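Worksheet: one structure, shown below.
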There are 2 protein chains.
Amino acid sequence: MTQTIMIVEDEEKLASLLADYLRQSGFETVWIADGNSVVPRVRERQPDLVLLDLMLPGRDGLDICKEIRSFSQLPIIMITARIEEIDRLLGLELGADDYVCKPFSPREVVARVKTVLRRAGDHAAPVTGGLTLDPDRYLAQLKGRDLELTAVEFKLLHFLYQTPGRIYSRSQLMDRIYPDQRIVSDRTIDSHIKKLRKKIAAVDPDRELIYSIYGAGYKYEPS
Amino acid sequence: MTQTIMIVEDEEKLASLLADYLRQSGFETVWIADGNSVVPRVRERQPDLVLLDLMLPGRDGLDICKEIRSFSQLPIIMITARIEEIDRLLGLELGADDYVCKPFSPREVVARVKTVLRRAGDHAAPVTGGLTLDPDRYLAQLKGRDLELTAVEFKLLHFLYQTPGRIYSRSQLMDRIYPDQRIVSDRTIDSHIKKLRKKIAAVDPDRELIYSIYGAGYKYEPS
DNA sequence: AGTATTCGCCGCAGCTGTGCTACAAAAAAA
DNA sequence: TTTTTTTGTAGCACAGCTGCGGCGAATACT
């Protein structure tokens with residue numbers, strides 16, 4: 001099964017150079033020049049990795065990265081023109097998997113792509129065949145099938161989903177889900193987790209996505 | 001194997017001056033100007049030492065030092081503008097390994113770097129090849145292998161780990177682990193220490209990490 | 001208005017981890 | 001040495017945490 005790399009880059013020469021090298025290494029490539037069409041095309045094409053230029057016509061790369069992260073954990077490598085920029089990006093914690101600085105050698109980029117894919121590859125199936133969330137529509141899909149979540153359930157899952165592996169206590173989750181500081185019992189979280197797990201199990205009984213850590217809280221892990 | 005020094009300093013001229021001298025002494029250097037990106041870059045790059053300016057845009061140096069200490073024992077040298085400041089810093093017990101006062105000569109800084117590295121180098125293997133803790137994930141790894149700790153065990157180990165060599169009495173440890181001031185017997189600590197040692201021994205039987213001091217308490221020491 | 005979801009909580013069951021006890025071993029004090 | 005104090009360890013009872021079904025109340029929909 002060949003893997004698809006989506007190249008988001010407005011300079012055509014640069015894009016085609018990258019595409020050539022990637023194809024030589026056995027990847028399929030998709031080229032997108034306009035920032036506005038990235039997100040819909042990612043949803044539609046479901047690439048295995050995105051090479052994302054920071055400076056784009058139409059829309060900022062940071063925005064795009066954030067939006068992709070809000071519904072998918074697919075690997076993203078950011079391309080930036082200035083080396084100092086990378087520090088700033090790291091500080092923002094966008095969730096990109098790696099950063100490459102212009103000017104770069106195509107070989108280097110291919111190497112990084114392979115590294116990131118291998119790293120992600122350990123849980124590759126769950127990433128691609130896994131869960132996607134669309135906060136705009138409160139739409140959650142697992143293996144292509146809708147999960148039909150309520151608002152609270154969606155918020156809870158979405159929050160956990162954004163930082164996989166990280167454990168949150170019940171009170172932390174309450175704070176995030178109820179910005180109005182209303183007082184509810186810890187166990188309410190458990191209730192919603194219960195319903196989430198039920199709905200997830202209805203679609204895929206074999207995969208556990210939400211784990212409870214005794215005495216600590218819950219985490220999302222697509223392992 | 002060349003060693004990497006991470007320079008955290010917002011004045012570019014000063015940073016590049018330091019970088020030049022350090023490179024001449026055979027070190028690799030990484031420069032970071034923005035305080036917010038320090039921690040993620042430390043995690044990513046894993047430098048051998050951090051030169052950390054106290055006054056930074058974005059985030060306070062004290063904060064950064066504390067956060068780095070929460071997951072790693074890598075050597076840190078603090079740079080401060082005022083000599084009086086140093087006393088205050090010493091009082092805070094941040095866990096920095098040395099302090100340098102502006103204005104400094106680059107030679108002096110290089111000398112200090114070497115001293116600290118040599119001192120740390122005595123137990124260099126335990127530092128790098130040793131234990132890493134990730135509080136967000138309750139994840140403890142020794143020699144790359146997971147330790148599978150429970151919440152209480154993790155908290156206990158994490159607290160000891162933050163100030164290696166320092167001895168804590170059982171009641172001090174209780175206070176830290178149970179913020180709700182619940183009353184438990186001293187010997188409970190012993191129980192958890194026992195389990196920690198067991199789990200550590202399962203991964204590395206040769207290395208003692210938690211020491212008991214007769215009549216005083218326990219300490220963590222990566223020697 | 002009525003109806004249908006959804007939310008938050010309760011109670012019970014099952015189980016893990018916790019904290020304690022008892023005794024052995026070690027260290028310090030006598 | 002003997003005595004006293006402190007620590008190591010095994011084992012165990014149960015407190016506390018989590019999963020789950022269900023139920024009234026709140027909310028949204030018609």
Side-chain angles (χ1 to χ4, degrees), chain A residues 137-140 146-160 167-202 205 207-221, chain B residues 138 140 146-160 167-202 205 207-221:
Chain A
R137 312 187 204 311
Y138 275 28
L139 187 70
D146 286 9
L147 280 184
E148 314 256 10
L149 304 182
T150 68
V152 176
E153 286 161 13
F154 187 91
K155 278 188 206 165
L156 181 55
L157 179 58
H158 184 238
F159 180 57
L160 290 170
I167 298 165
Y168 293 96
S169 70
R170 286 170 177 71
S171 63
Q172 283 178 308
L173 294 171
M174 302 301 291
D175 289 349
R176 279 311 189 106
I177 292 171
Y178 307 104
D180 55 348
Q181 301 281 1
R182 62 198 285 190
I183 306 146
V184 281
S185 150
D186 296 29
R187 304 307 310 281
T188 298
I189 292 293
D190 298 39
S191 273
H192 292 295
I193 295 283
K194 165 187 55 172
K195 286 168 187 166
L196 274 171
R197 293 211 254 231
K198 205 170 198 171
K199 290 181 181 179
I200 289 170
R207 180 137 15 110
E208 197 119 11
L209 289 176
I210 302 173
Y211 294 85
S212 51
I213 291 83
Y214 192 101
Y218 291 101
K219 70 172 176 177
Y220 170 86
E221 191 125 43
Chain B
Y138 277 40
D146 286 9
L147 279 185
E148 314 254 11
L149 305 182
T150 68
V152 174
E153 286 161 12
F154 188 91
K155 280 186 204 163
L156 180 56
L157 179 58
H158 184 238
F159 179 58
L160 290 169
I167 299 162
Y168 293 96
S169 72
R170 286 169 177 72
S171 64
Q172 283 177 309
L173 295 171
M174 300 304 290
D175 289 350
R176 280 310 190 106
I177 291 171
Y178 306 104
D180 54 349
Q181 301 282 0
R182 62 202 284 188
I183 307 145
V184 281
S185 148
D186 297 29
R187 305 307 310 283
T188 297
I189 292 292
D190 299 39
S191 272
H192 292 294
I193 294 284
K194 166 189 57 169
K195 285 172 185 164
L196 274 172
R197 294 209 253 230
K198 205 170 197 170
K199 290 181 181 179
I200 288 169
R207 180 138 14 111
E208 197 118 11
L209 289 176
I210 301 173
Y211 294 85
S212 51
I213 291 84
Y214 192 98
Y218 292 99
K219 69 171 177 177
Y220 170 86
E221 193 122 41

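Everything quoted here is computed from the prediction, not taken from an experiment. Numbered from 1 within each chain, the chains take letters A, B, ... in sequence-line order.
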Between [atom2] of [N] and [atom1] of [X], the distance in whole Å:
X	N	atom1	atom2	value
B/Ile210	D/dT7	CD1	P	15 Å
A/Leu156	C/dC7	CG	P	11 Å
B/Leu196	D/dT9	CG	P	12 Å
A/Ile183	C/dC7	CD1	C1'	16 Å
A/Lys199	C/dC7	NZ	P	8 Å
B/Asp186	D/dT6	CG	C1'	11 Å
B/Ile167	D/dT6	CD1	P	16 Å

List the protein contact pattern of nucleotides 11-23 of chain D with one symbol per nucleotide (5' to 3'): B for base contact, S for sugar-phosphate-only contact, - for none; contact means a heavy-atom distance under 4.0 Å. B----BSBBBBB-
Does the side chain of [X] get closer than 4.0 angstrom to OP1 or OP2 of [N] through an N or O atom?
X	N	answer
B/Ser185	C/dC20	yes
B/Tyr178	C/dG19	yes
A/Thr188	C/dC7	no

Do the ring planes of A/Tyr168 and A/Phe159 sit parallel (below 30°), tilted (30 to 60°) or perpendicular (above 60°)?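 If you compare the ring of A/Tyr168 with that of A/Phe159, the planes turn out tilted.
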For residues 188-198 of chain B, pull every pair meeting salt bridge (Lys or Arg N to Asp or Glu O under 4.0 Å), keeping only residues two or more places apart or in separate chains.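 Sorted pair list: B/Arg170-B/Asp190, B/Arg187-B/Asp190.
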